[in-house]
Amino acid sequence: MAKIIPPSELIINPDGSVFHLHLTPSQLTDRIILVGDPARVDMVASFFDTIDYDVQSREFHTIGGTYRGKPIMCLSHGIGPDNIDIVINELDALANIDFNTREVRDNLRRLTMVRIGTSGALQPELKLGTPVIAQKSIGFDGVLNYYAGRNEVADLEFEHAFCEAVGWNPLWAKPYVVDADEELVNQIGGDDMVRGNTISAVGFYGPQGRELRLPLANPQLNRLIEEFRFNGRKVTNYEMESAPLQGLGKLMGHRAMTVCSIIANRMNSDANPNYKTAVRDLIATVLERI
């Protein structure tokens, strides 16, 4: 018997669109570009051959159309891992739940999702403008810990070694480590991209070791992260969304990965606020390969 999703668990708007994204099942494409900034959706869509729709709801901005004759959409998720929980669940609902009967479909649809973002480097050799793929992503957010099957998609040895090495505070959410889809990484990645181990932080300031007026609970955390090695691999960079994207993607059977342009180096105290050219070049590269 098919699983039926109650109205309280999946809210469908009167126009037949999903609650937060305001997208209908007919608007969903198999290939999806994800970005944080709603304005960046327009940058991505400027490469499209045709535009079929433009939907705006809160921080969620979606433009769908075609690129080189193939259907594609770009969706903004805003800032933070909690937003990724909303976006991936609603995209999966559009793909795999019948909005008329509320039944989970027997034949599940697999989506390909590539997040293009910006990031801060945690290793001094990573230059500004370098594209870094989150081949492994380390979630400081705890989102994946709320879902059954979390351990089956996580690298438990990496998690344990990391927590031991940095003296993980038990008051914080337990980190989880998930790989990007290997096939997708090989498809998108080239010699022009670094394969990295990327942290998804739960905030921009204290959770990434930035100290303004408030002192940090562990001011040595970034130094310990920089020094950490697992099977010879370093933690390369900080951002805020790759781990829940890749973790939820794995649990749901989708292909998902993140690639970020380095706009700051936390070890060298360098930053480039004029980073849009590098991001635009990265968008063009991903669109050619997706």
Side-chain angles (χ1 to χ4, degrees), residues 32-41 43-44 74-81 83-84 87-88 112-141 143 177-181 184-204 207-210 222 225-226 233-249 255-268 270-290:
I32 304 167
I33 300 292
L34 296 169
V35 295
D37 184 356
R40 196 172 294 155
V41 174
M43 182 187 293
V44 175
C74 180
L75 165 64
S76 65
H77 50 68
I79 297 175
N83 281 10
I84 294 295
V87 168
I88 302 308
T112 294
M113 298 174 283
V114 178
R115 177 178 122 70
I116 302 173
T118 56
S119 181
L122 285 166
Q123 298 297 333
E125 67 272 15
L126 284 176
K127 297 179 180 179
L128 301 182
T130 301
V132 178
I133 292 173
Q135 190 164 25
K136 280 189 185 292
S137 195
I138 307 154
F140 283 8
D141 51 271
V143 165
V177 179
V178 287
D179 291 330
D181 183 86
L184 189 56
V185 167
N186 290 334
Q187 178 180 333
I188 301 297
D191 293 339
D192 52 345
M193 296 181 185
V194 171
R195 264 68 163 181
N197 299 306
T198 300
I199 291 172
S200 287
V202 72
F204 185 78
Q208 294 189 35
R210 290 183 172 93
N222 278 359
I225 292 172
E226 181 198 4
R233 297 196 62 182
K234 309 173 183 179
V235 176
T236 48
N237 57 313
Y238 265 128
E239 50 84 81
M240 297 175 64
E241 294 90 13
S242 62
L245 168 63
Q246 295 173 189
L248 291 172
R255 303 198 307 160
M257 63 164 281
T258 290
V259 57
C260 289
S261 179
I262 297 297
I263 67 168
N265 191 302
R266 303 297 303 285
M267 300 300 107
N268 298 337
D270 292 336
N272 177 19
N274 301 312
Y275 56 83
K276 290 186 178 180
T277 298
V279 171
R280 186 176 180 85
D281 290 344
L282 181 56
I283 289 168
T285 299
V286 171
L287 284 171
E288 289 289 321
R289 298 174 183 175
I290 192 172

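Just so you know, residue 1 is the first one in the sequence shown, and it goes up from there.
Between M113 and I88, the closest heavy-atom pair is SD-CD1, 3.7 Å. The two atoms that bring A256 and Q246 nearest to each other are O-CG, 3.9 Å, heavy atoms only. The minimum heavy-atom distance between S76 and G36, with the atom names listed, is CB-O, 3.8 Å. Taking every heavy atom of both residues into account, L282 and S261 meet most closely at CD2-N, 3.9 Å. The two residues S242 and T198 come nearest to each other via the heavy atoms OG-CG2, 3.8 Å. A pairwise comparison of heavy atoms in K234 and N197 identifies O-ND2, 2.6 Å as the closest pair.
Look at E226 and R266 and you find no salt bridge, because none of the NZ, NE, NH1 or NH2 atoms lies under 4.0 Å from a carboxylate O. Between R195 and D179 there is no salt bridge, since no side-chain nitrogen of the basic residue lies less than 4.0 Å from a carboxylate oxygen of the acidic one.
Between the CD1 atom of I84 and the CD1 atom of I79 there is a distance of 11.5 Å, given to the nearest 0.5 Å. Taken to the nearest 0.5 Å, the CG atom of L34 stands 8.0 Å off from the OG1 atom of T258. Note: I262 CD1 to L122 CG = 8.5 Å, rounded to the nearest 0.5 Å. Distance CD1/I290 to CG/L184: 7.0 Å, rounded to 0.5 Å. Rounding to the nearest 0.5 angstrom, the gap separating the CD1 atom in I33 from the CG atom in L75 is 11.0 Å. To the nearest 0.5 Å, atoms CZ (R115) and NE2 (H77) are separated by 4.0 Å.
Figure legend: cation-pi geometry between R210 and F204, with NZ or CZ positioned under 6.0 Å from the six-membered ring centre and within 45° of its axis.
Residues passing the salt bridge (charged side-chain N to carboxylate O under 4.0 Å, His left out) test with D191: none are found, sequence neighbours excluded.
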